*Asks:* 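My questions will all concern the structure given below.
Quantities reported herein were computed from a predicted structural model and do not represent experimental measurements.
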Amino acid sequence: MTNKAPVKANSEFEDITSYVTSFGMFIRKTSVDELPQLWNIIKGDMSFIGPRPLANTDEKVLSLRKQNGADQILPGISGLAQVNGRNNLSDEDKAAYDAKYAVHLSFRVDMLLTVETFVSVLKRDGVFKETSAKHGESLEKSHE
């Protein structure tokens, strides 16, 4: 991010790309910026799959997670919301995907989401919020 970027949730930006440097754009699109999270997994503070850890600026999603119980499981590098739209989802949809993941938590689901994460990273899906097109995926079409 540039020094002029306002402090707010990613979802509140109309066009976040105007605040991202070219180097920052490269590391976001390739998801290289997630590699330091591996240390948190080794320490046991995170999992590979789970609801994304959020900053305090994402207080709406954090509040919804508390209501739906998704705050009771370890956060992860990727999760159900990330493979279903990432930054193109509303706060309500993110929290709903997190709750759905918490209810269906299993090794099988984690393996499916791991594969889908690799596909999403290779395709560079949803790295930044789409501004010209509406994200058409619906929560009902998500994983069972």
Side-chain angles (χ1 to χ4, degrees), residues 1-21 23-107 109-131 133-143:
M1 295 291 249
T2 64
N3 291 336
K4 296 179 182 175
V7 177
K8 59 184 180 178
N10 288 347
S11 62
E12 294 176 7
F13 283 91
E14 287 299 316
D15 182 17
I16 197 170
T17 59
S18 61
Y19 295 104
V20 180
T21 64
F23 179 70
M25 188 73 70
F26 168 77
I27 65 172
R28 281 300 302 133
K29 284 188 174 183
T30 58
S31 294
V32 172
D33 60 327
E34 300 296 341
L35 290 177
Q37 299 294 352
L38 293 175
W39 177 247
N40 291 322
I41 292 171
I42 292 167
K43 290 187 341 184
D45 295 337
M46 284 182 72
S47 177
F48 279 108
I49 305 295
R52 290 285 298 164
L54 297 172
N56 291 334
T57 54
D58 289 301
E59 57 193 61
K60 184 174 185 181
V61 179
L62 293 169
S63 173
L64 291 168
R65 280 183 184 171
K66 282 185 193 235
Q67 292 172 23
N68 66 29
D71 65 330
Q72 298 300 307
I73 58 175
L74 281 178
I77 292 177
S78 185
L80 191 55
Q82 283 63 48
V83 300
N84 282 291
R86 205 170 173 178
N87 290 317
N88 291 313
L89 296 173
S90 69
D91 289 344
E92 293 80 9
D93 284 345
K94 285 179 189 175
Y97 278 121
D98 293 341
K100 188 171 189 174
Y101 172 76
V103 169
H104 297 286
L105 184 62
S106 71
F107 180 75
V109 170
D110 281 6
M111 289 299 101
L112 289 170
L113 290 173
T114 300
V115 170
E116 289 188 33
T117 295
F118 282 115
V119 171
S120 291
V121 168
L122 291 175
K123 289 171 49 180
R124 298 179 180 170
D125 284 344
V127 175
F128 297 109
K129 183 178 171 183
E130 293 175 9
T131 55
K134 209 61 155 159
H135 188 272
E137 300 294 319
S138 67
L139 184 56
E140 293 78 31
K141 296 171 113 179
S142 69
H143 301 59

*Asks:* Any idea which heavy atoms bring Arg65 and Asn68 closest together, and the distance?
*Replies:* O-OD1, 3.0 Å
*Asks:* Any chance you could measure Leu113, atom CG, to Phe48, atom CZ, to the nearest 0.5 Å?
*Replies:* 13.5 Å
*Asks:* Closest approach of Leu62 and Ala55, non-hydrogen atoms and distance?
*Replies:* CD1-O, 3.5 Å
*Asks:* Working to the nearest 0.5 angstrom, can you tell me the gap between Ile49 CD1 and Ser106 OG?
*Replies:* 11.5 Å
*Asks:* Is the count of non-hydrogen atoms from other residues, nucleotides or ligands lying under 6.0 Å from Glu34 atom CD greater than 12?
*Replies:* yes
*Asks:* Any non-hydrogen side-chain atom of Asn40 less than 4.5 Å from a side-chain atom of Gln37?
*Replies:* yes
*Asks:* I need the Gln82 CD to Leu89 CG distance, nearest 0.5 Å.
*Replies:* 8.5 Å
*Asks:* Looking at every heavy atom in both Gly76 and Pro53, which two are closest together, and how far apart are they?
*Replies:* O-CD, 3.4 Å
*Asks:* Rounded at 0.5 Å granularity, tell me how far CG in Leu64 sits from CG in Asp58.
*Replies:* 11.0 Å
*Asks:* Taking all atoms of both residues into account, what is the closest heavy-atom pair of Ala70 and Pro51, and its distance?
*Replies:* O-CG, 3.8 Å
*Asks:* Tell me if a side-chain donor or acceptor on Arg52 pairs with a main-chain N or O of Ser78 at a distance below 3.5 Å.
*Replies:* no
*Asks:* Once you round to the nearest 0.5 Å, how far does CD1 of Ile77 lie from CD1 of Ile41?
*Replies:* 3.5 Å
*Asks:* How long is the gap from CG on Leu54 to CG on Asp71, to the nearest 0.5 Å?
*Replies:* 11.0 Å
